[in-house]
There are 2 protein chains.
Amino acid sequence: MLDLKIAAGTGGQAASLGDAAYREMKERLIRGKYRPGYKMTVRAVAEDLGVSSTPARDAINRLTSEGALVYAGPKTVIVPVLGEQDLKELTTIRIALEGLASEKAAPFGSEQHVELLDEIQGRINAALDAGNYGEALWHNKEFHFHVYEMAGLPHLVAMIESLWLRVGPSLYNLYPEFAQERYGVRNHQMAMEALAERDGAALRAAFENDIRDGYRLLRLAARRSARA
Amino acid sequence: MLDLKIAAGTGGQAASLGDAAYREMKERLIRGKYRPGYKMTVRAVAEDLGVSSTPARDAINRLTSEGALVYAGPKTVIVPVLGEQDLKELTTIRIALEGLASEKAAPFGSEQHVELLDEIQGRINAALDAGNYGEALWHNKEFHFHVYEMAGLPHLVAMIESLWLRVGPSLYNLYPEFAQERYGVRNHQMAMEALAERDGAALRAAFENDIRDGYRLLRLAARRSARA
DNA sequence: TTCGCAAGTTTGTTGCAACAAAATTGCGAC
DNA sequence: GTCGCAATTTTGTTGCAACAAACTTGCGAA
């Protein structure tokens, strides 16, 4: 059991225990620590995080209002189970928003940025080689958001992050496909080239492709688990 | 002081007091009851809404995590004061998202929908004639969301709603321009025609225009209050 | 064996009091 | 009169206990 009181007091700029609990839950969600359908109870979260019920409740409430958790009954919130409809809609929104962010980021492309992205891509590949799926997903997120943040549009980045939060848990369902296909590599390569040339349209296209490729896999996994 | 306990118990599908408080605050925000910069304190909200501190705190937390309220200090949340940068960014996002929603809604256009929109437009005009600015804004929101909801994309509608929540309070700053210019009328007329013909591109253009027109006014108001 | 109801258990909600930190006020010295 | 420090007030945070609603379990009757 980790002690969030220390994290809140010293570490990552979390002012309150509720804040620390929220951040911790958010990271766990993105890292796929909780699977779709998992039931979140105030007391269980409080136990897991070593805090009392109030901060745990705060975290759950915030996550729910962002759509990272959903109501499954009058008194139960769960990690969302995304159906094909949801996946399709979220993908459409992601293309609109992440396409926008990448296009706006293109003019800020530089040698340094491309180098950093290349480094991150190296970490993705290494994690894939090591079979560490969670690490690969994490670095994949870093790759995307490093580009999105270049545009200097904080509201947009926050909205995109909340989208990733919703899709995150489902990403874990497509284990071995992701590792085998390495679908991101080509698209990421294209993205880096587009960024080097500051070509907004090309950068957008690369990211849209990446999102669509991911969607195909996700849809596959959704169908598989729907049959089960 | 209104009694939310009754609202939660009987009325608009609010399961808990915290939920009812959240909805009430949301509506007040969109209706412009609170001005930008207004400081939200737990105890004040609890007093206003006639509930204890816990549901009030819940509501403030949820609103904050959605961006409808923002942190202004270590221990203070306020109604956001949007600068020109924020306004520009939010407008860009709105065009991407509301443009998408309207385009996807176009194929569902029908005689009935256009009739209803025409009715809503009538209410906007009537409110404007009566000088009732709040009513006009409210019906304006109805007009937009009636179209957006036609597409059947609930995640998208929720995200757009959270954008309106951020801009809502600032809308009140542009009183008398809105009433005088009646900027929405032409664009809404175009939208209804496009919807009748199920022309996605035209519908998107009409809404994009509407958003941009609103942005011009908002920017004007932001500059005015920045000078003050 | 199966169905149904009742008792017990789990779980979210709410109000509140104690605590800590920040802001404000007021008093006194210079 | 002004500046600075200390006391007071305001305010967010946290933990907890009481309550209510939903769910689960198990026993008994058909």
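All of these numbers come straight from a predicted model, not from anything done at the bench. Each chain gets a letter, A, B and so on, in the order the sequences are listed, and its residues count up from 1.
Atom CZ of B:Arg57 and atom P of D:dC16 are 15 Å apart (whole Å). Taking atom CG of B:Asn61 as the reference point, atom P of C:dT13 lies 14 Å away to the nearest angstrom. Look at CD on A:Glu47: it is 13 Å from P on D:dC16, rounded to the nearest Å. Rounded to an integer number of Å, the gap from B:Asp58 CG to D:dT13 C1' is 13 Å. For the pair A:Tyr71 OH and D:dA21 P, the interatomic distance rounds to 17 Å; values are reported in whole Å. Put simply, CG on A:Leu49 is 17 Å from P on D:dT13, counting in whole angstrom units. If you measure from atom CZ of A:Arg62 to atom C1' of D:dT13, you get 14 Å, rounded to the nearest angstrom.
You'll find that the side chain of B:Leu17 is closest to C:dT14, out of C:dT14, D:dT14, D:dG12. Of all nucleotides listed (D:dC16, C:dG15, C:dT13), D:dC16 comes nearest to the side chain of A:Thr54.
Cation-pi geometry between B:Lys141 and B:Phe145 is met: under 6.0 angstrom from the ring centre, within 45 degrees of the axis. Because its NZ or CZ atom is not both nearer than 6.0 Å to the ring centre of A:Trp138 and within 45° of the ring axis, A:Arg123 does not count as a cation-pi partner of that residue.
In this structure, the ring-ring contact (aromatic ring centres under 6.0 Å, His included) partners of A:Phe143, at least two apart in sequence or on a different chain, are A:His188. With sequence neighbours excluded, no residue satisfies ring-ring contact (aromatic ring centres under 6.0 Å, His included) with B:Tyr215.
For A:Thr41 and B:Lys39, each mapped to the nucleotide of DNA chain C holding its nearest heavy atom, the one lying further toward the 5' end belongs to A:Thr41.
Of the possible polar contacts, none joining the A:Glu208 side chain to the A:Gly99 backbone as a donor-acceptor pair under 3.5 Å is found.
A salt bridge links A:Arg62 with A:Asp19; the closest basic N to acidic carboxylate O contact falls under 4.0 Å.
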Please list each protein N or O that sits under 3.5 Å from an N or O in nucleotides 17-22 of chain C, with the distance.
none

